[in-house]
Amino acid sequence: MYWADELAAAASGRQVVNDSKSPSGTVHVGSLRGVVLHDAIYRALRQAGVEATFLYGVDDMDAMDSQAKLTPDAVEKYMGAPLSRVPAPEGSNAANYARHFVGEIFFRTFEPLGITPEFYWVSELYAAGRMDPYVKLALDRADRVRAIYLRVSHVERTSTWLPIQVICEQCGKIGTTYATDWNGVTVAYRCMPDLVSWAHGCGHDGRVSPLGGRAKLPWNLEWAAKWGLLGVTIEGCGKDLATAGGSRDRSDAISREVFEIEPPRNVAYEFLNVGGKKMSTSKGQGAAAHTIAEVLPPEQLRFLFLRPRPSQVIEFDPEGETIPRLFDEFDRIAAATAGREVKGELPADYERLFAYSLLGPASDVAAAAAAFRPAFAHLALLLQIPGVDIAERMEAEKGAPLTAFEAAILAERTASARAWLDSYAPERARLVIRHDAMPEEVAALDAGQRAYLAALASAAGAEKPGSGDAWQGLIFRVAADVELPSGRAFGALYTAFLGRTNGPRAGWLLASLEPAFVVERLRAAAAVAA
RNA sequence: GGGCCCGUAGCUCAACGGUAGAGCGGGGGACUCUUAAUCCCUAGGUUCAGGGUUCGAAUCCCUGCGGGCUCACCA
């Protein structure tokens, strides 16, 4: 059974699927894995007839710890402040940095993928006092929290340490304060100049109530508190958190022993690697989510994450074969789902995989599967030949007019293929007419091929073929005249113009070039000594 | 050191309890019109190693070897 369906089958009662993200920095492709995975779980639950909701939390009480998007003068002022209190970048209408991030990054990557969770803002949970019961419990049971840190993660806290991060009343920072002495109503705190390396506190000493949004729980406690408050029953996490003794173990223990609530079911998922390395914003410049989204339509992007089991690493090299192969594999699964014969082994529940890859949960799976889809690499090639009517060619390949749905797929793939050619496509996928100089590969042509090129030059000079059809006919006729197998004839042509032994339909290629240049190049190539 | 994943044809990977497959590459052939298309032939691989469970294992369990990522400060 498909992994998401298996999960759904094991669920009983109403389910709450939750995922969250700290709204700092950019989103790279890898961080989309969790989002797509949670969406698939949510859809699987609904399909299994389980009542379910899908929540997505924005951790906007987290401290600003990435200065990439701040102007230099803002760095000193806002580094360490809660993201919900950092102003949005210049030119944005958003109320604050976190809101800007959600509007600019989240909505633009989630919505096109057909993913529409209910968003919530953690800062609002605190401000409304909804987190207060958990804040109090955590402070009352600080000894238990310290014991859990020590037992689960071997992290030793001093006996005065409290699981709370106060917002400094003087400078507004949350990442720099250290709190002690909970008396049931207030805590004492100091805003430390050097508590963390990335932000500087103002040195203020104070005493404040940690309730009502004046403080936040540290990460692991906040996670567990959200589970309790929102009734979360399923929440996966990346393997960096899921490791033994790691974040998830800590939060699970806190949930059980401090808040006395059974933690949600976990689905640990692997990363998406580029070149065998974990994606990071610095390493994966070209792999930012929005960049990849230009090359991969939503359904292929969903498919990328849904095809492997969550525990499997995804190797994604946008400059390699990954992208064209992804389209081909998608098309193969679509064909199989439509009941067509397909080569190679199929995954266990390929119809489910295909259905979950579709944009809309309510999509007509059979119709989508049966639709005509142009092969990606072939389309990319055709796009590079001047004067080709893509729509016409596709109808010819399909053998019937395209439906509106198929025309939309074609348009989508055309845009993707163009973007791919502009960005990641390897050299061998690119067609470059060697206008400036004779390709050196011409030296490899044999006598028969050179004779052919010379003969074609003469024939073309005399007949002046004006269309792709005329050229193509001439190419074959001259090949027959000099008794050269057509394959070798085409090879000679591609070598002379492209420096490679194969290429697009030669007649149309030559017809798109300057006639004088074509004849000249044919003569010159024929004259090159072996 | 702990955790997870991987180790299958030259390369990339699939199959995940029932006679080991595909794509690409390579080799051979067909084609007067999709020459990166289409079609046909071609890989004889101790599925890393060793043990175990089973009527039957690449597939489950244990051990070892090799590789990758990750955690151990903060979120």
Side-chain angles (χ1 to χ4, degrees), chain A residues 20-22 24-25 30 59 61-66 80 83 149 152-156 165 174-175 195-199 216-223 238-251 268-273 275-279 307-315 317 320-322 324-325 328-329 332 342-348 350 375-382 384-385 388 393-394 396-397 428-429 431 468-481 485-491 493-494 498 500-509:
Chain A
S20 57
K21 176 108 176 76
S22 185
S24 63
D59 293 332
M61 275 289 266
D62 289 5
M64 181 87 184
D65 62 357
S66 157
L83 289 157
Y149 270 70
V152 178
S153 304
H154 308 289
V155 173
E156 191 160 5
Q165 295 174 332
I174 195 169
L195 184 69
V196 293
S197 61
W198 40 271
K216 83 182 279 289
L217 292 166
W219 158 249
N220 288 285
L221 289 101
E222 186 173 282
W223 202 4
K239 68 114 168 269
D240 53 336
L241 304 178
T243 191
S247 242
R248 181 67 180 225
D249 279 357
R250 233 145 44 217
S251 291
Y269 53 90
E270 259 288 355
F271 288 137
L272 175 146
N273 292 340
K277 300 289 177 196
K278 182 198 172 184
M279 278 297 313
R307 171 81 167 85
R309 285 183 289 274
S311 64
Q312 283 180 316
V313 184
I314 297 175
E315 293 294 343
D317 176 7
E321 295 288 298
T322 310
R325 293 266 304 267
D328 291 346
E329 179 67 358
R332 195 177 74 98
V342 137
K343 283 190 178 177
E345 296 293 327
L346 290 165
Y350 58 89
F376 184 77
H378 185 48
L379 182 60
L381 176 74
L382 292 176
Q384 297 177 80
I385 308 169
V388 170
R393 287 292 300 277
M394 289 304 136
E397 282 184 25
R428 60 197 195 82
L431 219 57
D469 269 320
W471 266 109
Q472 194 80 352
L474 188 63
I475 288 166
F476 276 100
R477 209 168 65 236
V478 174
D481 288 347
S486 55
R488 300 190 63 73
F490 279 97
L493 286 174
Y494 294 125
L498 306 172
R500 41 196 281 175
T501 56
N502 49 37
R505 296 178 84 194
W508 283 262
L509 178 70

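We name chains A, B, ... by the order of the sequence lines, and we start the count at 1 in each one.
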Q. Do A:R307 and A:I314 pass the side-chain contact (heavy atoms from CB on, under 4.5 Å) test, and can you show the C-alpha distance, the side-chain angles, and the key distance before you say yes or no?
A. CA-CA 10 Å; A:R307 171 81 167 85; A:I314 297 175; over 6 Å; no
Between [X] ([atom1]) and [N] ([atom2]), how many Å, whole number?
| X | N | atom1 | atom2 | result |
| --- | --- | --- | --- | --- |
| A:F376 | B:A37 | CZ | P | 16 Å |
| A:L195 | B:C73 | CG | P | 15 Å |
| A:L241 | B:C74 | CG | C1' | 12 Å |
| A:Y149 | B:A72 | OH | P | 11 Å |
| A:R307 | B:A15 | CZ | C1' | 10 Å |
| A:N273 | B:C6 | CG | P | 13 Å |
| A:L217 | B:C74 | CG | C1' | 16 Å |
| A:L346 | B:A15 | CG | C1' | 10 Å |

In whole Å, measure the gap between the [atom1] atoms of [N] and [M] for me.
| N | M | atom1 | value |
| --- | --- | --- | --- |
| B:A58 | B:A20 | C1' | 8 Å |
| B:U8 | B:A14 | P | 11 Å |
| B:C62 | B:A57 | C1' | 15 Å |
| B:A72 | B:G18 | P | 40 Å |
| B:C6 | B:U59 | C1' | 15 Å |
| B:A43 | B:U38 | C1' | 23 Å |
| B:U19 | B:C61 | C1' | 25 Å |
| B:C41 | B:A22 | P | 11 Å |

In the structure shown, which nucleotide is the Watson-Crick or G-U wobble counterpart of [N], with both distances under 3.5 Å?
| N | answer |
| --- | --- |
| B:G21 | B:C13 |
| B:G45 | none |
| B:U38 | B:A30 |
| B:G66 | B:C6 |

Next item on the list: Taking side-chain contact (heavy atoms from CB on, under 4.5 Å) as the test, write out the residues that go with A:V155, two or more places apart.
Entry: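 A:V155 satisfies side-chain contact (heavy atoms from CB on, under 4.5 Å) with A:Y149, A:S153, A:R157 once adjacent residues are dropped.
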Set out, line by line, the N/O atom pairs under 3.5 Å between protein and nucleotides 21-27 of chain B.
none

Could you check whether [X] gets within reach of a base, just the sugar-phosphate, or nothing at all, counting any heavy atom under 4.0 Å?
| X | answer |
| --- | --- |
| A:R309 | base |
| A:I475 | nothing |
| A:E156 | nothing |

Per atom distances to the A:E315 side chain, the nearest of B:A75, B:C13, B:U70 is B:C13
What heavy-atom pair brings [X] and [Y] nearest, and what distance separates the two atoms?
| X | Y | value |
| --- | --- | --- |
| A:V342 | A:L346 | CG1-CD2, 4.0 Å |
| A:A489 | A:A479 | CB-CB, 3.9 Å |
| A:A63 | A:I174 | CB-CG2, 3.8 Å |
| A:M64 | A:W198 | O-CZ3, 3.4 Å |

[atom1] of [X] to [atom2] of [Y]: how many Å apart, nearest 0.5 Å?
| X | Y | atom1 | atom2 | result |
| --- | --- | --- | --- | --- |
| A:H378 | A:M394 | NE2 | CE | 5.0 Å |
| A:E329 | A:T322 | CD | OG1 | 12.5 Å |
| A:F490 | A:I475 | CZ | CD1 | 5.0 Å |
| A:Q312 | A:L272 | CD | CG | 13.0 Å |

Assign each of A:D62 and A:A348 the nucleotide of RNA chain B bearing its closest heavy atom; nearer the 5' end lies the nucleotide of A:A348
Residue pair A:F490/A:P218 against RNA chain B: nearer the 5' end by closest nucleotide is A:F490
Give every pair of a protein N or O atom and an N or O atom of nucleotides 2-5 of chain B that lie under 3.5 Å apart, one pair per line with the distance.
| unit_1 | atom_1 | unit_2 | atom_2 | d |
| --- | --- | --- | --- | --- |
| B:G2 | N2 | A:T243 | OG1 | 2.1 |

Give every donor-acceptor pair under 3.5 Å between a side-chain atom in residues 216-223 of chain A and any protein atom, sequence neighbours left out.
| unit_1 | atom_1 | unit_2 | atom_2 | d |
| --- | --- | --- | --- | --- |
| A:K216 | NZ | A:E222 | OE1 | 3.3 |
| A:W219 | NE1 | A:S247 | OG | 2.7 |
| A:N220 | OD1 | A:S247 | OG | 3.2 |
| A:N220 | OD1 | A:S251 | OG | 3.2 |
| A:E222 | OE1 | A:Y126 | OH | 2.7 |
| A:W223 | NE1 | A:E235 | OE2 | 2.9 |

Taking side chain to side chain donor-acceptor pair (under 3.5 Å) as the definition, give me every residue that meets it alongside A:D59, ordered by chain and number, with sequence neighbours left out.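 A:K226.
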Listed pairs, N/O of protein and of nucleotides 31-34 of chain B, under 3.5 Å:
| unit_1 | atom_1 | unit_2 | atom_2 | d |
| --- | --- | --- | --- | --- |
| B:C33 | O2' | A:R505 | NH2 | 3.3 |

